[in-house]
Amino acid sequence: MPFDKILDAVQDQLVDAGLLIHEGQLMYGKMGLHRVLDLGVWWQEQTGLPLPLGGNAVAKRWARISAA
């Protein structure tokens, strides 16, 4: 599901819960929704490491395509 459709899907009870990113993290309360878990806090408590903000998939054989 696209990230910008998650809040409406939760509010309309099409799904039980959703993982929010971007502005959804700021808006859910205004829509009457409740946080179940803050993954940033959970990550810090579990690992003590900085929160990863992204990920990359890499492949040697695609390097020529990406560099073009």
Side-chain angles (χ1 to χ4, degrees):
M1 174 180 300
F3 75 90
D4 62 333
K5 305 295 183 201
I6 294 172
L7 282 172
D8 290 333
V10 174
Q11 189 174 45
D12 295 341
Q13 298 181 352
L14 300 173
V15 296
D16 293 328
L19 178 64
L20 301 178
I21 61 172
H22 303 309
E23 66 273 3
Q25 294 176 292
L26 304 173
M27 300 189 57
Y28 68 87
K30 295 175 185 173
M31 297 178 74
L33 302 173
H34 306 281
R35 180 176 59 223
V36 175
L37 175 67
D38 183 322
L39 289 174
V41 172
W42 176 86
W43 179 263
Q44 179 66 39
E45 290 172 350
Q46 295 296 310
T47 70
L49 298 172
L51 180 65
L53 295 179
N56 296 301
V58 298
K60 191 171 186 175
R61 68 186 181 113
W62 291 342
R64 289 181 292 266
I65 297 169
S66 298

* Which atoms form the tightest heavy-atom contact between Q11 and L33, and what is the distance? -> CA-CD2, 4.1 Å

* Side chain proximity check, M1 to V15, heavy atoms < 4.5 angstrom -> yes

* To do: Evaluate whether atom CG of D16 has more than 12 neighbouring non-hydrogen atoms of other residues, nucleotides or ligands under 6.0 angstrom away.
  => no

* Taking every non-hydrogen atom, the tightest pair across L19 and I6 -> O-CD1, 3.3 Å

* Asked: Once you round to the nearest 0.5 Å, how far does CG of D4 lie from CG of L20?
  -> 11.5 Å

* To do: Write down the atom of D8, the atom of M31, and the distance for their closest heavy-atom approach.
  => OD1-CE, 3.6 Å

* Structure fact -> dist Q25:CD -> R35:CZ (nearest 0.5 Å) comes out at 10.0 Å

* Asked: What pair of heavy atoms forms the shortest contact from W43 to L51, and how long is it?
  -> CD1-CA, 3.9 Å

* Asked: Going only through I, L, V, M, F, W and Y residues with side-chain contacts under 4.5 Å, is there a path from W42 to L49?
  -> yes

* Asked: For the residue pair Y28 and L7, what are the closest heavy atoms and their distance?
  -> CB-CD2, 3.8 Å

* Would you say Q46 has more than 12 foreign heavy atoms packed within less than 6.0 Å of its CD? -> yes

